[in-house]
Amino acid sequence: MSENVVHLHKTPEPVAPDASVTTLTVVPDAPPAPVVPLWVRSGHAVKTAVTHERTTTAVRAVARHGLYTFNGGRIVARRTWDGKTGARYERMLRAAEAAGNYELAEEWEERLQRFREARHRRRMDLLHSPIEVAKGAAVGAGMGIGVLVALGIVMALNTKEVGDVITPLRATIEFIGTLIRIVQLVWPTAVVLGPLFALLALWAVGSKQQAAPQWALPANVRSGEGEPITPSIVVKALRDLGVPALRKAIQEMGDAGASMLGPITIAGCGVEVDVTLPSGVATNEVQTKRRKLAENLTRHEHEVFITIPEAARTVRLWVADSGALDEPIGPSPLVTDETMTANYKTGHAPWGQDLRGDAAALSLYQRHLLITGLSNQGKTASLRALALWAALDKTVDFRLADLKGGDWTMFDGIATVLIQGPTDDHVIQTTEMAEDVVDEMNRRIAARQDNPDMVFDPLICIVDEAQVAFMCPVKDEEGRYYGGSKATSRYFMAVRKIHNQGRVVNVLMWQGTQDPTNENLPKLVREGAHTRASLALGTESQAVMALGEKAVNGGAAPHLLRPGLDQGTLVVASSGIETPKGQSSITVRTHFIGDDDAKAIAARAKALRNGVTTLHAIERGEERDPLADIATVLGTDKRVRTQEVITRLAALNSEAYAGWSFTDLKRVLDDAGPDIAYKSDGVMVVSRDRLTRALANRDADGSASAG
């Protein structure tokens with residue numbers, strides 16, 4: 001039961017105690033609570049009601065079903081109009097003219113003319129039909145009455161009753177009256193239900209066509225997840241792209257806007273279609289709206305790729321199945337096929353898959369290589385996968401510098417030089433390694449001048465994290481920088497020399513670098529690579545640095561790859577990989593080869609080579625023992641070709657052996673003993689066992705003399 005509270009604002013007068021009087025002690029009340037204005041509470045209530053989930057759902061439902069009915073009426077009206085007029089033929093005629101197919105346009109014009117002639121005949125027939133109908137009705141009524149009277153006469157003769165003559169006629173009149181009474185009873189209900197059924201039919205048409213805005217559709221319909229790509233969807237996506245000239249042209253084409261489209265074909269984990277744009281619409285206007293086009297196609301931006309084929313005014317769209325690009329592509333053939341070998345000259349390295357799902361393989365033959373991208377996107381793994389394949393060709397010699405350290409340890413025993421570490425000292429060692437490669441290149445060029453038919457084994461100089469070398473601030477004793485991008489930069493100049501002349505004598509430069517800029521990847525160096533590949537990048541300007549302006553203008557977009565999500569996905573510009581006709585680049589999802597698998601592949605490569613002595617530093621400025629150095633570079637090989645021995649000596653110490661020829665090698669070996677170098681199958685080789693005995697005899701002689 002509620003209590004009544006009285007608020008007293010004055011101090012009560014004292015009252016004498018009385019047994020019959022109940023004494024009340026009045027305690028001052030707290031200040032009254034502030035009263036919230038009604039309009040504030042009403043506004044809050046309205047806001048809560050409007051934003052409530054059930055309210056928004058109800059509003060969408062009402063709007064959706066109302067628009068289904070309204071737009072269903074529009075669809076029925078348009079279908080009726082198309083059926084009664086030549087509008088359909090005129091739209092097809094305009095579409096054929098816009099597409100430049102004048103033969104088809106003439107055919108639609110003939111169909112339109114035939115339709116108009118048939119319609120004219122029907123209208124002329126309608127002018128005479130009322131008279132004919134009236135005549136037919138009069139004749140029919142007269143004949144009907146005559147039949148009923150004749151039937152009555154027959155009945156009268158049979159029953160001997162004259163009144164039966166009009167019995168059939170009377171029964172017919174009563175039947176007609178009954179029908180009229182039934183109509184009178186049903187008509188009020190039909191007047192109400194008829195429009196309702198008509199509205200229901202219009203709603204059914206609109207519902208089937210989903211004729212309502214996206215915001216009003218149910219959530220499962222709005223998302224469009226997994227919606228198949230059809231010509232109408234592509235045309236609508238292009239129409240709503242926000243390009244006025246394109247929208248106007250499609251509207252003029254009407255439903256025949258699909259004439260812009262080539263066949264929609266299945267391409268790997270998606271579909272591909274060529275779109276011939278109407279006059280006045282440039283291909284770059286579509287390229288720059290990739291995100292909007294993807295969303296119009298109910299896809300994410302990374303699931304739509306736009307490239308420019310050879311045909312003029314044409315864009316090629318590749319649209320992935322929803323979520324397909326987030327699925328792995330499987331292991332590398334290098335891992336699954338333990339019998340696989342490589343051929344540097346004629347073979348192709350299995351790198352991954354293109355967007356169509358076809359195998360993507362790269363030719364390494366006489367092609368300098370550059371791979372770039374943001375950190376932790378799979379650059380080293382992509383570069384290492386190519387090197388592991390090349391290592392399965394035992395003729396390939398590697399000089400390798402890992403300026404981060406730890407990712408290339410499995411090449412110890414494969415590469416003749418392996419430098420690992422990020423310090424300035426490691427950059428100095430890397431620079432000297434590259435300069436040794438230049439010396440070897442020059443020696444090969446000189447030898448080839450004497451013998452133009454001479455063929456050299458491939459020598460690949462790999463520098464991973466090359467930005468560390470380009471940005472090194474250290475100077476040498478002569479004041480020249482190891483890093484930088486000027487003519488005084490030792491590393492820069494070594495790379496440039498290899499790019500300029502190395503290819504013809506099978507001396508190649510492979511580099512991997514992060515986040516390309518003019519400071520950490522000079523222009524002349526990046527443009528000297530024949531194969532340029534890029535993982536995810538931050539900006540379009542970086543994409544141009546990585547792949548070149550031509551590739552980016554043709555649709556290459558590594559800056560649109562998702563960092564962290566598209567790891568191992570490369571955009572490749574190279575003549576060494578098969579690209580779709582008319583395109584300058586291709587997107588490749590590379591196979592990932594983990595460290596354990598890489599070590600297993602490297603073990604197979606080492607087994608093919610019979611042992612290689614790997615140097616972990618470049619030593620200079622010391623007295624050399626040529627015979628001992630020859631024994632060092634032979635390693636565990638029983639015999640090695642003299643040309644290979646000279647190459648290994650130059651790698652061991654370019655200052656001492658860069659200018660060596662076969663004459664120099666033969667002079668040292670002849671002084672040590674007979675037949676250390678001899679012919680085997682027509683090729684001069686050096687015997688490890690004979691050289692070892694010669695060294696032992698020399699040391700023994702030296703000890704005896706000393707004694």
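Here the CD1 atom belonging to Ile233 is positioned 8.0 Å from the CG atom belonging to Leu297, to the nearest 0.5 angstrom. To the nearest 0.5 Å, atoms CG (Leu238) and CZ (Arg247) are separated by 12.0 Å. Between atom CG of residue Leu293 and atom CZ of residue Arg291 there is a gap of 13.0 Å, rounded to the nearest 0.5 Å. Put simply, OG1 on Thr288 and CD on Glu285 are 7.0 Å apart, with the number rounded to the nearest 0.5 Å. How far NZ of Lys289 is from CG of Leu241: 6.0 Å, rounded to the nearest 0.5 Å. Interatomic distance, Ile306 CD1 to Leu560 CG, rounded to the nearest 0.5 Å: 9.0 Å.
When atom types are taken as modelled, the side chain of Asp337 and the backbone of Pro333 share no donor-acceptor pair closer than 3.5 angstrom. A donor-acceptor distance shorter than 3.5 angstrom exists from the side chain of Arg532 to the backbone of Ala546, with no hydrogens or angles considered. Checking side-chain atoms of His591 against main-chain N and O of Gly330 turns up a donor-acceptor pair under 3.5 Å. At least one donor-acceptor pair closer than 3.5 Å links the side chain of Thr314 to the backbone N or O of Ala312. Ser534 places no side-chain N or O within donor-acceptor distance of the main-chain N or O of Val571, the cut-off being under 3.5 Å. Proximity of a side-chain donor or acceptor of Gln567 to a complementary backbone N or O of Asn376 within less than 3.5 Å is detected. Side chain of Trp318 to main chain of Ala267: a donor-acceptor pair is present (N/O by atom type, distance under 3.5 Å, no hydrogens or angles). Judged by distance alone, with hydrogens and angles left aside, the side-chain atoms of Asp358 form no donor-acceptor pair with the main-chain N or O of Asp354 at under 3.5 Å.
Ile329 and Gln353 get closest at one heavy-atom pair: O-NE2, 3.7 Å. Smallest separation of non-hydrogen atoms from Asn296 and Ala237: ND2-O, 3.1 Å. The two atoms that bring Arg299 and Ala320 nearest to each other are NE-O, 2.7 Å, heavy atoms only. Across all their heavy atoms, Gly378 and Leu535 have their closest contact at C-CD2, 4.0 Å. Between Ala551 and Ala573, the closest heavy-atom pair is CB-CB, 4.2 Å. Nearest heavy atom pair, residue Leu334 against residue Pro350, reads CG-CG, 4.3 Å.
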Give the intermediate values and the outcome of side chain to side chain contact (heavy atoms under 4.5 Å, CB included) for residues Thr539 and His559. CA-CA 5 Å; Thr539 64; His559 55 289; 5.6 Å; no
Please evaluate residues Ile229 and Val234 with respect to the criterion side chain to side chain contact (heavy atoms under 4.5 Å, CB included), reporting the C-alpha separation (whole Å), side-chain torsions for both, the decisive distance (0.1 Å), and the verdict. CA-CA 7 Å; Ile229 301 300; Val234 176; 3.5 Å; yes
Would you sort out whether Ser382 and Leu570 count as a side chain to side chain contact (heavy atoms under 4.5 Å, CB included), showing the intermediate values? CA-CA 9 Å; Ser382 302; Leu570 285 163; 3.8 Å; yes
Arg313 and Val281: CA distance, side-chain angles, deciding distance, side chain to side chain contact (heavy atoms under 4.5 Å, CB included) verdict: CA-CA 8 Å; Arg313 222 173 61 238; Val281 182; over 6 Å; no
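Counting only heavy atoms from C-beta outward, the side chains of Arg562 and Thr569 never approach each other to under 4.5 Å. Looking at Thr265 and Val271, their side chains never come closer than 4.5 Å, going by heavy atoms from C-beta outward. Two residues are said to be in side-chain contact when any heavy atoms from C-beta on lie closer than 4.5 Å; Arg123 and His120 fail this criterion. By the 4.5 Å heavy-atom criterion applied to side chains, Ile577 and Val588 are counted as neighbours. Between Ile264 and Pro231, the closest side-chain pair of non-hydrogen atoms falls below 4.5 Å. Between Asn284 and Gln287 there is a side-chain heavy-atom pair separated by less than 4.5 Å. Residues Leu193 and Leu196 have side chains in contact (heavy-atom distance under 4.5 Å, counting atoms from C-beta outward). Using a 4.5 Å heavy-atom threshold, the side chains of Val275 and Leu277 count as touching.
Around the CD atom of Glu301, the shell of radius 6.0 Å holds more than 12 heavy atoms that belong to other residues, nucleotides or ligands. More than 12 non-hydrogen atoms from other residues, nucleotides or ligands lie less than 6.0 angstrom from CG of Leu200. Enclosure of atom CZ in Arg74 is not indicated, since only 12 or fewer non-hydrogen atoms of other residues, nucleotides or ligands lie within 6.0 angstrom. Within a 6.0 Å radius of CZ in Arg119, more than 12 heavy atoms belonging to other residues, nucleotides or ligands are found.
Geometric assessment of Arg290 against the ring of Phe305 yields a positive cation-pi assignment under the 6.0 Å and 45° thresholds.
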N/O donor-acceptor pairs under 3.5 Å from side chains in residues 109-116, not counting sequence neighbours:
unit_1 : atom_1 : unit_2 : atom_2 : d
Arg111 : NH2    : Glu107 : OE2    : 2.9
Arg116 : NH2    : Glu90  : OE2    : 3.2

